[in-house]
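By convention here, the first residue in the shown sequence is residue 1.
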Amino acid sequence: MAARRGEEQEESIYNLRPRPQLAAPRPPMHRSAHPGEVDPAALGGPRPRAAATFGRPPGGNAEHPDAFLRSHAKEPLLPEPAAPAVRKPKVKPPVPGRAEAPLMGLASNKNYVTSNAVEAILASPKRRPQEAARYAERAGFGKVPAYLRRNRAAVAAEQQALEAYMRLHEQPAGQPAAVPMSEEERGELLRHLKMKWAAVNAEYQKLGFVMDIGSKVRRHEAMEAALAEIEADIATLGRGDVVLVVPGGGDE
């Protein structure tokens, strides 16, 4: 067997010759032992409906030659028109008759320019819808107005002047009277105050930004108070008001 398989694998001119194809024998056709035309009712089952399995018999789907579709056969049948039960009201006036002549030559003495002007003057103005005022969204909401600050400063200055005048007139008889300060003394005092403010401000600028101990905090606050007091004195002298000086005492 091995020798024969080796011979078949070898190249040979006989291998190019077509070999006959052996067809397998066909088995005989199956024939049922039962008859084909059997009534289902005889077997106890329901009788099938006509064309319920394989459709109508050959030629059963063909229509009758006279049963073709006529024209307008599928259109809906409308009822016969009748008079409407409710008539529509007439909106437009009727057309004038042939014998009715229109009115001709009508004129009016009305001055439409004057009447229109009078109606426009006497008409009430149209009110436009206005939005509700939002006071909280204004720029100066919650702040004291500038005119109130000016009024308060003026009232305070008048009160101070009045108090100084009352103290001057209520002083004892033995106390020396106050004399107004001259312009030279005012300028000299103002110059000394500015020099003092510059010196205190220079010391204040040398302080550090870190306030870690109590002494630094107290020194910082003391210098701020001194600067504020000097600035108040400079503003008082710079206003040009009359300054009264009591000989042997402090400034008033």
Side-chain angles (χ1 to χ4, degrees), residues 1-104 106 112 116 119-120 123-145 208-213 216-217:
M1 180 65 67
R4 185 176 180 181
R5 186 179 301 172
E7 293 177 358
E8 291 178 357
Q9 292 179 355
E10 293 180 359
E11 294 182 0
S12 176
I13 194 174
Y14 294 101
N15 294 336
L16 301 176
R17 185 178 56 184
R19 297 181 180 181
Q21 299 293 334
L22 299 179
R26 186 174 183 180
M29 186 175 181
H30 174 73
R31 298 292 181 177
S32 177
H34 304 281
E37 298 179 358
V38 179
D39 189 3
L43 302 177
R47 183 181 299 276
R49 299 186 304 273
T53 55
F54 294 98
R56 298 179 181 179
N61 293 326
E63 298 291 343
H64 195 271
D66 297 335
F68 58 89
L69 185 64
R70 266 72 175 180
S71 60
H72 308 286
K74 292 188 177 182
E75 292 182 357
L77 298 178
L78 300 178
E80 293 295 332
V86 180
R87 294 183 177 273
K88 294 183 179 180
K90 293 183 178 181
V91 180
K92 296 182 179 181
V95 179
R98 183 180 300 177
E100 297 179 4
L103 298 177
M104 305 295 290
L106 294 178
Y112 289 95
N116 291 341
E119 291 178 1
S124 58
K126 297 181 180 179
R127 294 184 178 181
R128 298 181 179 180
Q130 298 180 357
E131 298 182 357
R134 300 179 181 179
Y135 298 101
E137 297 181 359
R138 290 186 177 180
F141 178 77
K143 299 180 181 179
V144 180
F209 294 99
V210 181
M211 303 296 170
D212 51 354
I213 56 178
K216 289 184 178 181
V217 175

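The two residues Tyr135 and Phe141 come nearest to each other via the heavy atoms O-CD1, 3.1 Å.
With hydrogens and angles disregarded, a donor-acceptor distance shorter than 3.5 Å links the side chain of Arg70 to the backbone of Phe68.
Rounding to the nearest 0.5 Å gives a distance of 10.5 Å between CG of Leu16 and CZ of Arg19.
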